[in-house]
Amino acid sequence: AKEVASERIRVNAVAPGIIATPLQARTTPPEQLKAGLAGVPMRRVGAAEECVGAFLYLASDRLSGYVTGEVMEVNGGLLMD
């Protein structure tokens, strides 16, 4: 982000937590999912649609034009500072 900021290029990321997807359903054993959810304060799996707002915000110059070098966590509170 620092290297390209002067060129008006913003570098950000969305880091989803446990999100219900077909891949997740096929690859995560139920006991592993249950153990993972124990650390999520919202106590539920997220939906892919719940990540959309983060992507739209970061893609919008109007809303986040001065945001760069950030990782937006969408994880039900799993990782909080």
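By convention here, the first residue in the shown sequence is residue 1.
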Problem set entry | Test item: T27 side-chain N/O and L23 main-chain N/O as donor-acceptor pair under 3.5 Å | yes
Distance col, row K2:NZ vs T68:OG1, nearest 0.5 angstrom, shows 11.0 Å
Query raised in the report: Does CZ in R43 sit with more than 12 non-hydrogen atoms of other residues, nucleotides or ligands closer than 6.0 Å?
Result: yes
All heavy atoms of A54 vs all of V14, minimum pair found to be CB-CG2, 4.0 Å
Nearest heavy-atom contact between V11 and V4 is CG2-CG2, 3.8 Å
Result for side chain to side chain contact (heavy atoms under 4.5 Å, CB included) between Y57 and one of V52, N12, L63 points to L63
More than 12 heavy atoms from other groups under 6.0 Å of CD on E31
yes
Taking every heavy atom of E50 against every heavy atom of V74, the minimum-distance pair comes out as O-CG1, 3.8 Å
So CG of L37 and CD1 of I18: to nearest 0.5 Å the spacing works out to 4.5 Å
Note: A59 and S64 closest approach over all heavy atoms is N-OG, 4.5 Å
When every non-hydrogen atom of V45 is compared with those of I19, the smallest separation belongs to CG1-C, 3.9 Å
- Task: Look at the side chain of R10 and the backbone N and O of L58, then say whether any donor-acceptor pair between them is shorter than 3.5 Å.
- Result: yes
Here the pair of heavy atoms bringing V71 nearest to A15 is CG1-CB, 3.7 Å
